[in-house]
Amino acid sequence: MGTVTTTLSESDFAVPIEDRWFEDYVPGAVYEYGSITMTEEDILRFAGEFDPQSIHTDPQAARQGPFGGLIASGWHTCGVMMRLYADHYVSKVASLASPGIDELRWVRPVRPGDTLSLRTTVREARRSRSRPDRGVVHTGVEVLAQDGEPVLTMTAVNILLRRPGTAQDTTPR
């Protein structure tokens, strides 16, 4: 599986990922990044170690299964999403943690040869009331196949530091 990825949308953040802070995540902004192609070898290797079900590990048995062929583990697809998310979207200087994700759905199987990309939509960016040096960003995440249709959807929640020098401003955003 290749891990060299790029920005696919016409616009990207106004600042590079190495200088991206809470204030740079503007609700309504949409960004696209990609791409990673799923190979049969990668699917078999991941599933053999982490999700050993025959629809992911045995091409012959998978042909007789409910999907009519080998498919990637949903957790493998999540790993690809995280690679694209970490490479391009979440700040390298301000990201503190994530309390979790919401509404994870695998909406369509991923098959060998599928090329995946990431679309992110900033849904909400809220300053912390108790910790003025940070905020919480909710991001709609879609992993798209080469036809532009989603294979995975979820909402990511990230805690990000505010730009240095702005933490004193406690006006709700």
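Nothing here was measured: the structure is a model prediction, and the numbers come from that model.
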Thinking salt bridges, do Asp19 and Lys92 make one under a 4.0 Å N-O criterion?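 The answer is no: the pair does not qualify as a salt bridge.
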
Electrostatic pair Arg45-Glu41, nearest N-O below 4.0 angstrom: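 Answer for the salt bridge query: yes.
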
Roughly how far apart are [X] [atom1] and [Y] [atom2], rounded to 0.5 Å?
{"X": "Arg119", "Y": "Thr153", "atom1": "CZ", "atom2": "OG1", "answer": "11.5 Å"}
{"X": "Met81", "Y": "Thr120", "atom1": "CE", "atom2": "OG1", "answer": "11.0 Å"}
{"X": "Glu142", "Y": "Ser117", "atom1": "CD", "atom2": "OG", "answer": "9.5 Å"}
{"X": "Leu44", "Y": "Asp58", "atom1": "CG", "atom2": "CG", "answer": "8.5 Å"}
{"X": "Ser128", "Y": "Leu160", "atom1": "OG", "atom2": "CG", "answer": "12.0 Å"}
{"X": "Thr39", "Y": "Asp114", "atom1": "OG1", "atom2": "CG", "answer": "11.5 Å"}

Which heavy atom in [X] sits nearest to a heavy atom in [Y], and how many Å separate them?
{"X": "Ala156", "Y": "Val141", "answer": "CB-CG2, 4.1 Å"}
{"X": "Pro27", "Y": "Ala125", "answer": "CG-N, 3.9 Å"}
{"X": "Ala47", "Y": "Thr57", "answer": "CB-CG2, 3.6 Å"}

Is the shortest heavy-atom distance from the side chain of [X] to the side chain of [Y] under 4.5 Å?
{"X": "Asp24", "Y": "Arg163", "result": "yes"}
{"X": "Phe50", "Y": "Trp75", "result": "no"}
{"X": "Asp102", "Y": "Met154", "result": "no"}
{"X": "Val151", "Y": "Leu144", "result": "no"}
{"X": "Ile159", "Y": "Ser98", "result": "no"}
{"X": "His88", "Y": "Leu118", "result": "no"}
{"X": "Leu96", "Y": "Leu161", "result": "yes"}

Keeping the roles fixed (side chain from [X], backbone from [Y]), state whether a donor-acceptor pair exists under 3.5 Å.
{"X": "Glu124", "Y": "His138", "answer": "no"}
{"X": "Trp106", "Y": "Gly74", "answer": "yes"}
{"X": "His56", "Y": "Ile71", "answer": "yes"}
{"X": "Ser91", "Y": "Arg20", "answer": "yes"}

Flag for [Y]-[X]: side-chain donor and acceptor within less than 3.5 Å:
{"X": "Thr37", "Y": "Thr115", "answer": "yes"}
{"X": "Asn158", "Y": "Tyr25", "answer": "no"}
{"X": "Arg123", "Y": "Thr139", "answer": "no"}

Walk me through it: do Met38 and His76 pass the test side-chain contact (heavy atoms from CB on, under 4.5 Å)? CA-CA 10 Å; Met38 304 290 278; His76 189 178; 3.6 Å; yes

[Y] reachable from [X] in the ILVMFWY side-chain graph, under 4.5 Å edges:
{"X": "Met82", "Y": "Val137", "answer": "yes"}
{"X": "Val143", "Y": "Phe67", "answer": "no"}
{"X": "Leu84", "Y": "Leu104", "answer": "yes"}

Within a 6.0 Å radius of atom CD on Gln60, are there more than 12 heavy atoms belonging to other residues, nucleotides or ligands?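 No, CD of Gln60 has 12 or fewer neighbouring heavy atoms, counting only those of other groups under 6.0 Å.
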
If you apply the rule side-chain contact (heavy atoms from CB on, under 4.5 Å), what do you find for Glu23 with Arg162, and how did you get there? CA-CA 6 Å; Glu23 290 79 8; Arg162 295 187 59 211; 2.9 Å; yes

Test Ser73 against every option in Val110, Asp51, Ile55 by the side-chain contact (heavy atoms from CB on, under 4.5 Å) rule and name the one that passes.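 Among Val110, Asp51, Ile55, the one that satisfies the side-chain contact (heavy atoms from CB on, under 4.5 Å) with Ser73 is Asp51.
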
For a salt bridge (Lys or Arg N to Asp or Glu O under 4.0 Å) check, start with the C-alpha distance between Arg108 and Glu149, then their side-chain angles and the critical distance, and finish with the verdict. CA-CA 9 Å; Arg108 200 171 94 184; Glu149 292 299 314; 5.0 Å; no

The test is side-chain contact (heavy atoms from CB on, under 4.5 Å); show your working for Leu152 and Val107 and say whether it passes. CA-CA 6 Å; Leu152 176 152; Val107 295; 6.0 Å; no

Evaluation steps, side-chain contact (heavy atoms from CB on, under 4.5 Å), between Arg127 and Phe22: CA-CA 8 Å; Arg127 292 178 182 155; Phe22 167 77; 3.6 Å; yes

Evaluate the criterion ring-ring contact (aromatic ring centres under 6.0 Å, His included) for residue pair Tyr85 and Tyr33; output intermediate values, then yes/no. CA-CA 8 Å; Tyr85 195 80; Tyr33 307 104; 9.1 Å; no

